[in-house]
Each structure stands twice: as structure tokens, then as C-alpha cells.
Peer 1: 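The structure under discussion is supplied below as C-alpha cells; questions concerning it will follow.
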Amino acid sequence: MEDLLRSIRNIGLALPDPTQLLQLLDPDPEVQESLAQMLALNHQEPEQEDQESDADDDAANSDVSSDAGVADPLIDSDLFKGAVQALLENYRKAADKERDALKKEELALRTPKPLKAVPLKALLARQAAEIKRREEETYVAEFNPETGRKRREFYLPRQTFEGFGSYSSDKTIQELERIDIKQLQAPKRFEGKFLLCQVASRLNLYASCTFIAVLPSGVGLPVSISHFTSNLRLQGHDLDSHLPIGTVLAIKEPFISLNHFSKGGPATGGKTIHGVRVDTPSDVVILDPLDEEDKKVIRSVEWKEKVEASEGDDGVKLALEDVPSESVWRDSPAKVNGRGCLWLQDGPLSRLAARWARASSGSSKFSLPGMDRVARASLRQRTRSLIESFLLSDRPGSALRELTAARLAGVLSVEQVEISEDLELEGRILHRLGRFQQALEALDGAWAHSSHLSQDMEALRGNCKASALMTLQGPSPNDISKFYFDSEKEPTPRFEISDYLGPVEVRDIPNAGRGLVLSRDVEEGELLLACKAASSSYAIDEGCRGVYLMRYTVENEVTSTTTQVLAATKSIHAILDRPQLALPILGLTAGPGVPHSPWVSLPYPVPNRKPPTRDPAGKESLAQALEKPSINASYVNGVLRFNAFGPAASPGTSKEDDGDKKDGKFQDEDRPGGHHQSSDTSELSRSTMVHPLPAILNHACLPNVSSVFFGDIVTTRALHPLKAGTEIMHQYVRGEQPFLSRRSQLSKHGFRCLCQLCQMDERDGEENCKRRQRLVGGSLPMLLERSRILLKSRTTGGRDGKPEMAPQAEEGNLESHRDLSDSLIQLAQEVIQTYSQERPKLRPDLMSIYQKVAEHRSIYDLEGAADAEMRALESVGAQLGGGAARRENGDGPSPPSPVETLERLPDLHFDGAIKSLLSLACISILAGDPSQAKEWVRSAFRAHQSTICGGRDVFLDRWQGVGYLVVDRGVQLPLSEWI
Ligand SMILES: C[S@@+](CC[C@H](N)C(=O)[O-])C[C@H]1O[C@@H](n2cnc3c(N)ncnc32)[C@H](O)[C@@H]1O
């Protein structure tokens, strides 16, 4: 990838955009041909660089281009196309070698060969060169190396290849036996063994993190750790301080790979680069000089090679020699990754306290002997800074443990004012952990000690109160409105709520694993779940903005994108920080054919309706500092692939992600806050989030609930009144799509959908379904294009967007509208023939056809237009009452009727249905029937409230001023007065 990009830049072309990046490995020759063509036409423009460049420079640039003369764009593009084709060819050959190497490694597992030591100096030199290469790439991603000017956007594509096997150990070091170079073979997984090593080089971060380790025998070995960090932009000291030179590690049950870079490193073109490939961070144990057991392991060997340890932030070197526990109160770090608190490691007080809790079973007192008043005050300050730093690095679990340990050690809260400050800090940590009731108790305690809270703390207290209430009652329409508008404003919206569980229970469902079932009757629009993502990754998060990562998996030929990879990294780190997340995340299934994790057999956790009270001593949670769950990263990838939601770039929603294949099933109505947002909707810009409880929902193409995103929150509401005992089900793939597309997209989940819609489609027969798909996929787009041109000719040219046409042209146009409407009706008839005669009105393929008919008819036949909109509504399961109910099943206009009403909400296409209802309101106004218009507007509002909610403001924001009928006759619906 890096070679390809460098060459493209060198010949003066712009880099492939995110959509083109995803086409690089497309085997289709036509895709490759058009990709080469597009790349060849896309020259690097000076304006790709930062606007900051001054006007003189711009003038100079334009001079240069005029001096260069005007090249013939066609000749140029042919030349460039040839060059690009050659580059793409080379790139694909290198990718093939990469894939072949992975396959070969899998075969070679049967015949591993002894490992030959590579001189340490050579390894260190190669590592230094790799780090330099990374730094250069990052520089070029940000600056034009020739002009030194900053580019407008940081753009760093990266690609990794992985395949065959992923390892994780569930043993402790004490259960394993140490091995060294003599026993090592490759490729091989060493069960029952561990490798002891020291970090001997700086770190190199691509997607995984690589360093050179030195074994006690003095032999060097590269080590690559997957899911090392979710901040792919880390480099230099910030990166190195995660595992400074001299850190002693134990790698549990290591896998020695023929190419340690496979999984998370840059492609090596199939080269053999032996080393340790660590697939999951929980396999790496940082040996802690504060721990007696760890000290024993370190001292049990003689280290042949002396590694010069690097200095910590405080200028003290971290080395093998003993760190006395007094150093905790003398030199303990004030910042994560300062000396003594390294990658994913808890703070020193938690580590000491956890060991004390384990050894003493809590009978003795945890204390730091010999600490005077001054030392205590200084340690308190450093501990508070460290805790702040944990919060900044999204590690509230470590923050709470450090606070608990500090309190146990008597480091905190001696003076009244300190007590209050420390309780405030505790309140903030508990708030971040979503324990709002407990946070409130801490903040109340802070107030009780000082009779005062800062403005920020008052605000936090208010927030805790509201969130605690939300845990009990679910978000109110006002809360939803706030989420909606905030997710429009925020580029990476995340909200502090804890999960709300409505009247639903987790139950076993015959032939479908677990599912969610109603515990009582519910009403239309009733809130059933409101849940926050356990981990979420946005493409524009600080740590990955501009980094476009593609991970290609050889076995299933699936490409995962940046946020899909990073959501897994974040989930793993979240579980390590808060082990209580292991069950909700690892207790999910990881796709058909993947054996369930041991967590799946445990009762699935549901939110506590009565939150436990605060536990200031919190001893039980201290043990978490030592007992990190073992995590199989490949299982986490599967969980994300089969359970995560993947909203588009803009905050909003989509149904469950279909994993990594692109099928465009993301629906506008699922992301209500999305329409003001970025237009970048490429796969590489999507966010990925895992919402544990909603992930238990099973699929139905014909759902009975609507799941909607607001940032990292998903709400689920009943679409209709439902009876107790009903299983609630939502869509993994769009039910609006043709049956055969749905079936093919669902195939990866390994089940056959038996919902009513699928049963109806099956009864229609495969041939009819195919014919229907051809009509809707082939004939309809052609008619829609004709419609677009016709409607455009009518709406352009006039002042204020109003049509302005000569009467003759208008007359001619009317004929065209009639013709088009007739053609659409004819198409509808052909589609209707593909349905079995007994089939009820639910025929979603007809919706867009009837809506188009209505648009054209509204120009010359209002009644006919209304009839078409009503048919559109019925085609997606809405039931109409009043006059509508008496209409014939033919295609003629309905007889004059009293007030028409919406009796039952649609099952599918909610936004489409709201649009039809508002179009009907416009038609009623044009027909001089405002009370009917009002009725339709109210029905539209009801449909909105029952699916999205948020009240009037959200409804108006979404629908005010939107053209419901493209040919707008100046109808202004007084929406705000009628709802
Ligand atoms: C996201 S999980 C849903 C929760 C899952 N039932 C569980 O026990 O963890 C998706 C998996 O649930 C099962 N599933 C979902 N919808 C189903 C349906 N309509 N019929 C049968 N199985 C279904 C399939 O095994 C699918 O791969």
C-alpha cells in the first residue's frame, strides 16, 4: 500500500479517495479499469494543500502551470492510465504474495522449524529504519514534502492482511513454564509456556505495535502486539512511554510467526520476518517490580544482554533492579504511562492494594509505612493527577481503583476541604462509569462536607440526577430532543446515560438462541430499550482522524475498516479497564460456525433497575487490578461483525451492521439527526459501536420495533400495540429490499428468516420474486430518471423555485406527466402480477412506484394523487380508516369520503410513510379540505413520535420546509400550528 501511494504521488496524481481505496483489492477487471481511469484523471492540485499558503505562493503556482503550457488532457490521461494500471498490477501482485504467505504459514504449522537468532544489532537497525519510515509517512500525510506546506487534510491510508488463527491465553504466568531461543520454532504456538523478555527498542505503530525484545539469553526477537492502542496517531515519546525500553514482559503462550507483522503490520510482500505475533493484549503481562511474585520471575534468570533503560517522565530510569515500594510515595507517577504506570497498567496504589487484598483477605490494614504529612500531601496530589490522566485516557475503571486504594491507604481526605474535593473527584469517576446514583451520593457527600459545590459540580449533579431518573424511566421526549440536536452539533456524539430496560426480558427462543421478549402488553411507540454503546469508534475520533485503515481477512475475503478494527481495540481495552464488561461483550455470539465463548452460557446481564449504593471501601473491585480477563481478539472481531451497529459518518443510525460487505442498507429514518451532517458516506467513514443488550434482539424483515440512533445511544420502541410474551425483533437488513437480496444478505448470519414478509414472499414463488426484482431494479430506475428530468424541467427556471412556464409548454408537460404516471401504473400492475392473489396488501416493492405516481398525478389529478399516496402507505403495512377503508382494490380514484385516518402505523419505510402522509396533507389543502390536511399532519406526527420521538421540535427540524411533493404549488403546511 505504502509503495503504491508513494508512486502515485510521485507521478503527480492524487491519492485514491476512501471509496477508491476499498476498490483496490476488487477482483473485478471492470472495477480495476475504471479505477485506473479515475486515478489517472485526478491530478494532485495545489489547492489540496492548506489554505494558509499566502497569495504570492498561489500566484507562483498558477504561473508555473501556465508556463508548463496546456497539456492535451486526453493524451495525458492515456499516459497516466497506463502508468496507474502498471502500479495497480504491482500492488495486486504484492497483495497476492501477502495472502499466499498467510496460507503457507497455516500449512507450515504442521512442520515448524527451529528459529535462527538474528543479531540484535541488525534487528535494532531494522526497527530504527521502520520507525523512520513511519515518521516519514506521517509527515507526508500532513505536509507536502516538496513545499513543506501543510496539506488541507491529514490523509494516511493503511492496509493490513490477516488470516488463519488467532491466539489468546487464559493461563496465569505461574501456570506456565519459561522458554528461550533454544526451544523456539516457527510457525508454532507454545502452549503451556511463556516468554520472558525486555523491551529493547523504541515502538513502531502501524495498526499493531512492534518492538524488539531481548530474551534472557541475550537473543533479540521482534514482537508485534495487535490492538495495542486505538490512537493510531501516537508516535515519538508519547508512544514509546507506553512500554519504555527496559520494561520486563512475560508473553503468555506465545505464537512465533513466520511474519510477526501479519495481522497488524505493513504488508511485507510475503517476506519471512520471524517474530512473536501477539493477537490479544491480555497475553502480555508487564512484570511489576512492586510485586513479590513478579520479582521472583524476574530474578529467576540471568540476563545476558544489558538493556539500557529509558528514563521516565520524572527522569528516573525504569530498569530491572528492584523498585522499593517506598518509591510509590516518593516517585509515583502523576500521569498514565509515566514511570511505573505503563501500557494498560493500573496505578501503583491500586497494584499494591490489590496485592495486599489478595494476600491478607482484607484482615490487616492497608498502609504505606513511614509516610509523613508532607509525603502524604504530595502523594495525594500526584494520585489525583494520575486519576485525571486515567479519565482522559478513557480508563475510569483504573481511576476508581486508584482512588479506592488511595482512600484505603489514608492518602486521601484528611482535612474537611480535601474530603470534599476527593468526593467530587469520585463523583466524576462514577459519572463516567454510568453509576449515576452513586455519583450523586458522592457529590451530595462533597456538598455536605463543604456546604458548597463549584458550578461545574452543580451541573454534574444535575446531570447525574437526570441520568439516574433516565435509568429508571427511560429518556423522556425532551431528553430525546436534546440527544437529537446534540448529535447534530457534535462530530463524535457520546452521551452519558446508563441503559434503560423497559418491559422486556432476555429469554431463550427456539432455534434462535436468546432474544428479547415483552414482559407485559405495550402500546404503540412505547420505549422498550435505551442503551449506550459499550464501546464506540467514530472515523473522526481524535486517535484516527485521517487514518484510513483497511484490514483484509484472507479466509472470508472481508475488508474491515478503521472503526471496525478500532471498535474491537476499544472493546478489548474497555474490558481490561472494566472487567464487568466482559460478560455483556464476550457473552454475545460471534457468528455462525464460531463456537460460543464460555460467557455465552451465563445469564445475560440486564441493567439493574435498582442501582446499588456507593461502596467507598470498594475492596472487591481492587482485585480487578490483578485479574484481567483473557480476551480472544478474534472472538471480539466476530462479536463486532455480527452484533455491532454501523451508523454512517454523520451521527445518526442504521440497523445492525451487516459486517464488512457493503450493501447500502443504512436507512435515513434510522439516523434522524443525520441530515445536516457530512456528505462523506463512504464505508471508511462509518462509525462502529457495540450495544450489548440491543444486540440480543433477533431479526425480522418485518420488524415490530423501531431502533433509532442518537450518537452512541440506540432507542427501541414498539411499532404497534404488542402483547406480553411477544418477541421483539428488528431489522438486520432492510425489509424494504427485494426478498432475494434480503435472503442473500442474511446468509452470513446462518439463519432463514421466517417473518410474515418472508413467508409471503416465499409463497409468491422464487420465479415471481426474481421477476419482481428485475422490474423494481431494472424498469423502475429508468422511469425514475425520466421522472427526475420531467420534474426538474418544471421546477427550474421560475422565480423562488416556482414553475414558470409558457401555457403551451405547460400543456405539453401535462401530457408527459400523464404518460409517465400511466407507465408507472403499468409497472405497478406488472409488479402486482408477481404477488400471489391471496397476498394481503403488504407489498413494499410498490411504495416508491405509487409515490412517484402521486407526484406526477398531483399536477393534473389531485384525487388520483391522494389515491396513489394511500396505496403507497398500504403497501408498507399502514392501515387507513374512514373513507380510505372503503376504497376498491382497483386503480381508479376512490369515491368521495369523509375524513380519512391512519389506523395502524406502517411496518416498514417509516420516513417514506411520513412523507406520504405529509403529501396527502398538501393534496388535501390543494383540494380545499384543511381539516383532512390536519388529520394527515397529526398522523405524520404520531408516526414520528412512535418511531423516533423527541416531540415537536425534532419533527419540525426533520420535516419543516421539506418538499413532500416535488412539484410544490406553494402549499405551506402550518406544521407548527397543527401538532
Ligand atoms: C445479533 S445475534 C442475536 C442474539 C442471538 N440470538 C443470541 O443468542 O445471542 C444474531 C444471531 O441470532 C440468531 N438469529 C437472529 N435472528 C434470527 C431469526 N430470525 N431466526 C433464527 N435465528 C436468528 C442467529 O444465530 C444470528 O446469527
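All ligand and atom numbering here is 1-based and tracks the order in the structure.
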Peer 1: Check whether any heavy atom of Tyr604 sits under 4.0 Å from an atom of ligand 1.
Peer 2: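 The answer is no, since Tyr604 has no heavy atom less than 4.0 Å from ligand 1.
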Peer 1: Mark up the atoms of ligand 1 that fall under 4.0 Å of a heavy atom belonging to Leu697, in ascending order.
Peer 2: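 In order of number, 3 (C).
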Peer 1: Would you check if the distance from the ring center of Phe495 to the ring center of Phe483 is below 6.0 Å?
Peer 2: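 So the answer is yes for these two rings.
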Peer 1: If you count the non-hydrogen atoms of other residues, nucleotides and ligands that lie under 6.0 Å from CD in Glu523, is the total more than 12?
Peer 2: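 No, because the 6.0 Å sphere around CD of Glu523 holds 12 heavy atoms or fewer from other groups.
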Peer 1: Hey, is CG on Asn511 packed in by over 12 heavy atoms from elsewhere, all under 6.0 Å?
Peer 2: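 Not buried by this count: 12 neighbours or fewer within 6.0 Å.
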Peer 1: Tell me whether Gln756 at atom CD has more than 12 heavy atoms from other residues, nucleotides or ligands lying less than 6.0 Å away.
Peer 2: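 12 or below, so no.
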Peer 1: Could you see which bit of Asn511 sits under 4.0 Å from ligand 1, with heavy atoms only: side chain, backbone, both or neither?
Peer 2: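 The backbone, only.
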Peer 1: In terms of atom number and element, which parts of ligand 1 are under 4.0 angstrom from non-hydrogen atoms of Gly513?
Peer 2: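 Numbered from 1, ligand 1 contributes 8 (O).
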Peer 1: Are Ser630 and Ser282 close enough that a side-chain donor and a side-chain acceptor fall under 3.5 Å?
Peer 2: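 No, no side-chain donor-acceptor contact under 3.5 Å.
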Peer 1: Any nitrogen or oxygen of Arg514 lying under 3.5 Å from a nitrogen or oxygen in ligand 1? Just yes or no.
Peer 2: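 Yes - when backbone and side-chain N and O of Arg514 are compared with those of ligand 1, one distance drops under 3.5 Å.
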Peer 1: Any atom of ligand 1 sitting under 4.0 Å from a heavy atom of Val600?
Peer 2: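 Contact check Val600 vs ligand 1: negative.
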Peer 1: Tell me whether ligand 1 is touched by Leu588 - counting only heavy atoms on the residue side and a distance under 4.0 Å.
Peer 2: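 No, that is not the case, since the closest heavy atom of the residue is not under 4.0 Å from the ligand.
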Peer 1: Please identify which atoms of ligand 1 are closer than 4.0 Å to at least one heavy atom of Phe642.
Peer 2: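 Those qualifying, in numeric order: 1 (C).
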Peer 1: Nearest heavy atom to atom 27 (O) of ligand 1: which of His749, Lys748, His699, Met729 does it belong to?
Peer 2: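 Ranked by closest heavy atom to atom 27 (O) of ligand 1, first place is His749.
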Peer 1: Angle class for the Tyr732/His730 ring planes (parallel below 30°, perpendicular above 60°, tilted otherwise)?
Peer 2: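 Geometry flag for His730 against Tyr732: perpendicular rings.
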Peer 1: Before you tell me yes or no, could you show the steps for Ser535 and Ser571 under side-chain hydrogen bond (donor to acceptor under 3.5 Å, both in side chains), namely the whole-Å CA-CA distance, both residues' side-chain angles and the distance that decides it to 0.1 Å?
Peer 2: CA-CA 6 Å; Ser535 76; Ser571 300; 2.8 Å; yes
Peer 1: Please lay out, stage by stage, how Asp170 and Lys252 fare under the test salt bridge (charged side-chain N to carboxylate O under 4.0 Å, His left out).
Peer 2: CA-CA 9 Å; Asp170 54 8; Lys252 300 190 287 177; over 6 Å; no
Peer 1: Could a heavy atom of Ala695 be found less than 4.0 Å from some atom of ligand 1?
Peer 2: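 Checking ligand 1 against Ala695, which is what was asked, there is a heavy-atom contact under 4.0 Å.
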Peer 1: Nearest heavy atom to atom 15 (C) of ligand 1 wins, so pick from Asn698, Leu754, Leu746.
Peer 2: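 Comparing heavy atoms across Asn698, Leu754, Leu746, the nearest one to atom 15 (C) of ligand 1 lies in Asn698.
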Peer 1: Is ligand 1 under 4.0 Å from a heavy atom in the side chain of Tyr732, in the backbone, in both, or in neither?
Peer 2: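 It is the side chain that gets close, since no backbone atom is under 4.0 Å.
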Peer 1: Could you say whether the N/O atoms of Ala512 and ligand 1 ever approach to under 3.5 Å?
Peer 2: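 It does: an N or O of Ala512 is found under 3.5 Å from an N or O of ligand 1.
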Peer 1: Any non-hydrogen side-chain atom of Thr688 less than 4.5 Å from a side-chain atom of Tyr538?
Peer 2: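 No, side chains not in contact.
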